Enquirer: 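Pasting in a structure now, in structure tokens, and then I'll have a few things to ask.
Being a predicted model, the structure only gives us computed values, none of them experimental. Heavy-atom basis, side chains included; hydrogens, waters and symmetry copies ignored.
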Amino acid sequence: MDFGGGARRGIAVHESGHAVARVLSIGRVGITNENAIRWIEMDRGTPHCSMFELPLHMPGLKEFGEREGIREDKWPTVEEWRKLFSFMGIDPLEWASVRLFEFAAGAAAQAKFGGVSFDSVWLDHGCSDDHQMAIETCQRIGLNQPEAKGLFVERSKEACAVMDKPDVWRAVLTLAERLPTTGRMPGDTVVSIVQNALRAS
């Protein structure tokens, strides 16, 4: 197995962990094959698996926000987010749960690949972006610190358990092997690779 050498091995597995977790979440909180993943990029700045957070382009949402006085140039309050979630038909706690699972899955995959603990990867500087997004996710739905910590611990344990499933781990390694060293892999390609690997006997 060759990912291009050195630290890139762990990075490729990390980003693939995010992507596989996202594919496993298709069918929940508005996630579909078409909107699951934008792209994965490995060669510019911070390697990144770009995902759609919410179906913010759904018909009528903009008009609903305007009626409710939710301004596009200002970050919504927790109460405003609740209204937006309600319009989209998404349970905020389930959404946060799915997002935290996706964030944790990158570190879980990297930890399994490196034979180290989840915490040693999650607490490393390389996960700082995932950390920040996890915090913002919990803040968005109004969780206090103990609630947020409890939910993250639960979802991180699930992410680690999922990585121990043979079909999931096969999907992570298959995608990691195929990630390009330059440019972006489109989301539809990522989803196809992962789903095919999950189905393989």
Enquirer: Could you check whether the rings of F118 and F152 sit parallel, tilted or perpendicular, using 30° and 60° as the cut-offs?
Expert: tilted
Enquirer: For a quick test of reading the model, state the closest non-hydrogen atom pair linking A96 to I141 and the distance between them.
Expert: CB-CD1, 3.5 Å
Enquirer: If you measure from CE on M163 to CD on Q110, what distance do you get to the nearest 0.5 Å?
Expert: 11.5 Å
Enquirer: Could you check if a side-chain atom of D130 sits within less than 4.5 angstrom of a side-chain atom of W122, using non-hydrogen atoms only?
Expert: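 Heavy-atom side-chain distance check passes, below 4.5 Å.
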Enquirer: Could you check if a side-chain atom of E147 sits within less than 4.5 angstrom of a side-chain atom of C138, using non-hydrogen atoms only?
Expert: no
Enquirer: For the atom pair CD1 (I70) and NZ (K62), what is the distance rounded to the nearest 0.5 Å?
Expert: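 Output value for this atom pair is 12.5 Å.
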Enquirer: To check you understand the geometry: which heavy-atom pair defines the closest contact between I37 and C49, and what is its length?
Expert: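 Where I37 meets C49 most closely, the heavy atoms are CG2-SG, 4.2 Å.
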Enquirer: Step by step, work out the side-chain contact (heavy atoms from CB on, under 4.5 Å) result for L173 and F113.
Expert: CA-CA 9 Å; L173 296 182; F113 185 73; 4.2 Å; yes
Enquirer: Side chains of M51 and R99: closer than 4.5 Å at any heavy-atom pair?
Expert: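 Yes, their side chains come closer than 4.5 Å.
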Enquirer: Give the C-alpha distance, both sets of side-chain angles, the deciding distance and a yes or no for side-chain contact (heavy atoms from CB on, under 4.5 Å) between E80 and E68.
Expert: CA-CA 8 Å; E80 288 171 340; E68 293 292 329; over 6 Å; no
Enquirer: For a quick test of reading the model, state the closest non-hydrogen atom pair linking S117 to A111 and the distance between them.
Expert: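 Closest approach of S117 to A111: O-CB, 3.7 Å.
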Enquirer: Is any side-chain heavy atom of I40 closer than 4.5 Å to a side-chain heavy atom of L175?
Expert: yes
Enquirer: Taking the side chain as everything from C-beta on, heavy atoms only, tell me whether V13 gets closer than 4.5 Å to W169.
Expert: yes
Enquirer: Looking at R22, H14, E15, which one forms a side chain to side chain donor-acceptor pair (under 3.5 Å) with H18?
Expert: H14
Enquirer: Where do R178 and M185 come nearest, in terms of heavy atoms and distance?
Expert: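 Answer, listing the atom of R178 first, then M185: O-CE, 3.2 Å.
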Enquirer: Would you call E79-R82 a salt bridge at under 4.0 Å N-O?
Expert: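 Yes, this pair counts.
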Enquirer: Find the distance between CD1 (I193) and CG (L179) and round it off to the nearest 0.5 Å.
Expert: 7.5 Å
Enquirer: Apply the side chain to side chain contact (heavy atoms under 4.5 Å, CB included) test between F85 and each candidate in L54, D91, V29; give the one that qualifies.
Expert: L54
Enquirer: Do V190 and F101 belong to the same hydrophobic cluster, where Ile, Leu, Val, Met, Phe, Trp and Tyr are linked whenever their side-chain heavy atoms lie under 4.5 Å apart, directly or via other members?
Expert: yes
Enquirer: Kindly determine whether W75 and R140 satisfy side-chain contact (heavy atoms from CB on, under 4.5 Å), including the steps that lead there.
Expert: CA-CA 10 Å; W75 188 253; R140 191 179 303 189; 3.3 Å; yes
Enquirer: I'd like to know if the side chain of S25 and the backbone of R28 have a donor-acceptor N/O pair within less than 3.5 Å.
Expert: no
Enquirer: Evaluate side-chain contact (heavy atoms from CB on, under 4.5 Å) for V20 paired with V162, printing each intermediate quantity in order.
Expert: CA-CA 10 Å; V20 171; V162 162; 6.0 Å; no
Enquirer: Rounded to the nearest 0.5 Å, how far does NE2 of H48 lie from CH2 of W39?
Expert: 5.0 Å
Enquirer: To the nearest 0.5 Å, tell me how far N35 CG sits from D188 CG.
Expert: 12.5 Å
Enquirer: With hydrophobic residues grouped by side-chain heavy-atom distances under 4.5 Å, do V78 and L100 end up in a single group?
Expert: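 In one cluster with V78: L100, no.
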Enquirer: Between E154 and L151, is any pair of side-chain heavy atoms under 4.5 Å apart?
Expert: yes
Enquirer: Of all the heavy-atom pairs spanning E102 and A21, show the shortest one and how long it is.
Expert: CA-CB, 4.0 Å
Enquirer: Contact between Q195 and N33 at the side-chain level, heavy atoms closer than 4.5 Å - yes or no?
Expert: yes
Enquirer: Using modelled atom types and a 3.5 Å cut-off, is there a donor and acceptor pairing between side-chain atoms of D124 and backbone atoms of A107?
Expert: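 Pair absent, no side-chain N/O of D124 close to backbone of A107.
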Enquirer: Short question: side chain of W95, backbone of E53 - any donor-acceptor pair under 3.5 Å?
Expert: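 Checking the backbone N and O of E53 against the side chain of W95, a donor-acceptor pair under 3.5 Å is found.
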Enquirer: Side chains of L84 and F64: does their closest heavy-atom pair fall under 4.5 Å?
Expert: yes
Enquirer: Atom NE2 in H57, atom CZ in F52: separation rounded to 0.5 Å?
Expert: 7.5 Å
Enquirer: Which is it for D167 and K165 under the salt bridge (Lys or Arg N to Asp or Glu O under 4.0 Å) test, yes or no, and what are the steps along the way?
Expert: CA-CA 6 Å; D167 58 336; K165 294 182 177 180; over 6 Å; no
Enquirer: So which atom in S16 and which in V172 form the shortest heavy-atom distance, rounded to 0.1 Å?
Expert: CB-O, 3.5 Å
Enquirer: Is the side chain of T137 donor-acceptor paired with the backbone N or O of M133 at a distance under 3.5 Å, no angle test?
Expert: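 Answer holds: yes.
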Enquirer: Count I, L, V, M, F, W, Y as connected when their side-chain heavy atoms are under 4.5 Å apart, and connections chain through other members. Are W81 and L143 then in the same cluster?
Expert: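 In one cluster: yes.
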Enquirer: Identify whether V98 and L93 are in the same connected component of the hydrophobic contact network (ILVMFWY, side-chain heavy atoms under 4.5 Å).
Expert: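 Yes, it is one cluster - the side chains of V98 and L93 are joined through contacts under 4.5 Å.
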